[in-house]
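Computed over heavy atoms, backbone and side chain alike; hydrogens, waters and symmetry mates excluded.
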Amino acid sequence: MPLNRNRFYLSMTLACAISYVWIALIGRLKPEEIGTKFDLCPIHRFAHIPCPSCGSTRSVLALMNGDLAGGLYWNPLGYFIFAVLLIVPFWIAYDLVLKKSTLIHSFQLFENTLRRRWVAIPAIALILVNWVWNIVKAV
């Protein structure tokens with residue numbers, strides 16, 4: 001089923017906006033407090049083990065402060081999230097102003113690439129390694 005362009009751009013805009021609000025609210029806390037005061041992860045809350053994305057907010061906050069090692073320590077996925085939050089709003093504006101659809105086409109290309117076995121298997125393996133890393137360091 002093809003993606004609806006308007007819904008896609010609205011969803012991406014809302015996701016970025018919510019992320020920016022979340023970072024602004026949570027960014028006032030120390031990294032150690034985020035996992036204890038604001039534990040929104042249902043896996044961590046109920047199973048008492050971190051999920052593969054636990055620590056992503058702390059990672060993004062570390063990267064925003066120029067702490068590259070901290071970003072990697074808290075969660076390597078934070079680099080991807082940070083890049084998306086940095087690039088996507090400008091990309092959306094570019095597409096809307098010029099009436100193009102480059103973001104949605106790139107997203108579909110990325111999605112189709114991830115469906116290939118030779119890409120999917122290493123990607124899943126990396127996520128599992130990241131999950132083990134989060135469990136070992138007890139994010």
Side-chain angles (χ1 to χ4, degrees):
M1 180 166 97
L3 287 174
N4 177 293
R5 181 187 185 275
N6 293 338
R7 284 188 184 165
F8 176 79
Y9 281 88
L10 178 61
S11 297
M12 292 299 287
T13 301
L14 286 174
C16 286
I18 290 167
S19 297
Y20 286 130
V21 169
W22 175 249
I23 288 169
L25 291 173
I26 207 86
R28 301 172 189 260
L29 298 173
K30 294 176 185 171
E32 304 79 36
E33 295 176 322
I34 294 173
T36 57
K37 288 187 178 182
F38 289 97
D39 188 9
L40 298 179
C41 176
I43 294 173
H44 193 251
R45 183 174 287 190
F46 297 113
H48 304 291
I49 59 168
C51 76
S53 66
C54 279
S56 294
T57 300
R58 289 172 276 191
S59 177
V60 169
L61 289 171
L63 294 171
M64 287 176 61
N65 290 317
D67 182 6
L68 300 179
L72 190 61
Y73 171 78
W74 287 113
N75 195 323
L77 293 175
Y79 277 88
F80 177 75
I81 295 166
F82 183 73
V84 167
L85 290 174
L86 207 61
I87 295 167
V88 165
F90 294 106
W91 201 342
I92 290 170
Y94 171 84
D95 275 359
L96 293 179
V97 168
L98 297 179
K99 295 182 169 69
K100 295 191 174 203
S101 298
T102 61
L103 177 60
I104 193 169
H105 291 309
S106 295
F107 177 81
Q108 289 170 327
L109 179 65
F110 178 74
E111 189 177 42
N112 288 335
T113 302
L114 276 178
R115 289 185 180 156
R116 295 186 180 140
R117 184 172 286 182
W118 65 271
V119 175
I121 292 171
I124 291 168
L126 285 172
I127 295 296
L128 290 174
V129 166
N130 189 54
W131 194 1
V132 170
W133 167 244
N134 276 348
I135 292 169
V136 167
K137 67 181 183 204
V139 169

Quiz item: In Å, rounded to the nearest 0.5 Å, how long is the span from CG of L114 to CG of L109?
Solution: 10.0 Å

Practice problem: Mind jotting down which residue pairs meet the side chain to side chain donor-acceptor pair (under 3.5 Å) criterion with at least one end in residues 62-73? Sequence neighbours excluded, please. | Solution: none

Quiz item: Measuring from L25:CG to T57:OG1, what's the distance to the nearest 0.5 Å?
Solution: 11.5 Å

Quiz prompt | Distance (rounded to the nearest 0.5 Å) between T13 OG1 and L96 CG | solution = 6.5 Å

Self-check item: Hydrophobic cluster (4.5 angstrom, side-chain heavy atoms) - remaining members for L126
Solution: none

Exercise. Can you see which heavy atom on V60 is nearest to which on G78, and at what distance?
Key: CG2-O, 3.8 Å

Self-check item: Sequence-distant partners of L77, side chain to side chain contact (heavy atoms under 4.5 Å, CB included), two or more places apart
Solution: S53, S56, N75, I127, N130

Practice problem: Run through the side-chain heavy atoms of Ile, Leu, Val, Met, Phe, Trp and Tyr, join any pair under 4.5 Å, and report what else lands in V132's cluster. | Solution: V136

Quiz item: For V84, what residues pass the side chain to side chain contact (heavy atoms under 4.5 Å, CB included) criterion, not counting sequence neighbours?
Solution: F80, V88

Quiz item: When you measure from the side chain of S106 to the backbone N and O of T102, does any donor-acceptor pair fall under 3.5 Å?
Solution: yes

Quiz prompt | Minimum-distance pair of heavy atoms, taken over all atoms of Y20 and P89 | solution = OH-CG, 3.5 Å

Self-check item: Qualifying residues under side-chain hydrogen bond (donor to acceptor under 3.5 Å, both in side chains), relative to W133, sequence neighbours excluded
Solution: none

Quiz item: Can you list the residues that meet the side chain to side chain contact (heavy atoms under 4.5 Å, CB included) rule with L68, with sequence neighbours excluded?
Solution: L63, Y79

Quiz item: Can you get from L86 to W22 by hopping between Ile, Leu, Val, Met, Phe, Trp and Tyr side chains that sit under 4.5 Å apart?
Solution: yes

Quiz item: When rounded to the nearest 0.5 angstrom, what distance separates CG in L61 from CZ in F82?
Solution: 10.0 Å

Exercise. Mind checking side-chain hydrogen bond (donor to acceptor under 3.5 Å, both in side chains) for K137 and listing every partner two or more places apart, or none if nothing turns up?
Key: N134

Self-check item: Sequence neighbours excluded, every pair satisfying ring pair (Phe, Tyr, Trp, His ring centres under 6.0 Å) that has a member inside residues 92-111
Solution: F8-F107

Exercise. For residues G71 and A62, report the shortest heavy-atom separation together with the two atoms involved.
Key: N-CB, 3.5 Å

Quiz prompt | Closest approach of I43 to C51 (non-hydrogen atoms, all atoms of both residues) | solution = CD1-CB, 3.8 Å

Practice problem: Please round to the nearest 0.5 Å and tell me the distance separating atom CD of Q108 and atom CG of L103. | Solution: 10.0 Å

Quiz item: If you look only at pairs with a residue in residues 102-126, which of them pass as a salt bridge (Lys or Arg N to Asp or Glu O under 4.0 Å), with sequence neighbours excluded?
Solution: E111-R115

Quiz prompt | For I135, side chain to side chain contact (heavy atoms under 4.5 Å, CB included) partners two or more places apart | solution = P50, W131

Exercise. To the nearest 0.5 Å, tell me how far L10 CG sits from L14 CG.
Key: 4.5 Å

Quiz item: Under the side-chain hydrogen bond (donor to acceptor under 3.5 Å, both in side chains) test, which residues partner S101, sequence neighbours left out?
Solution: R5

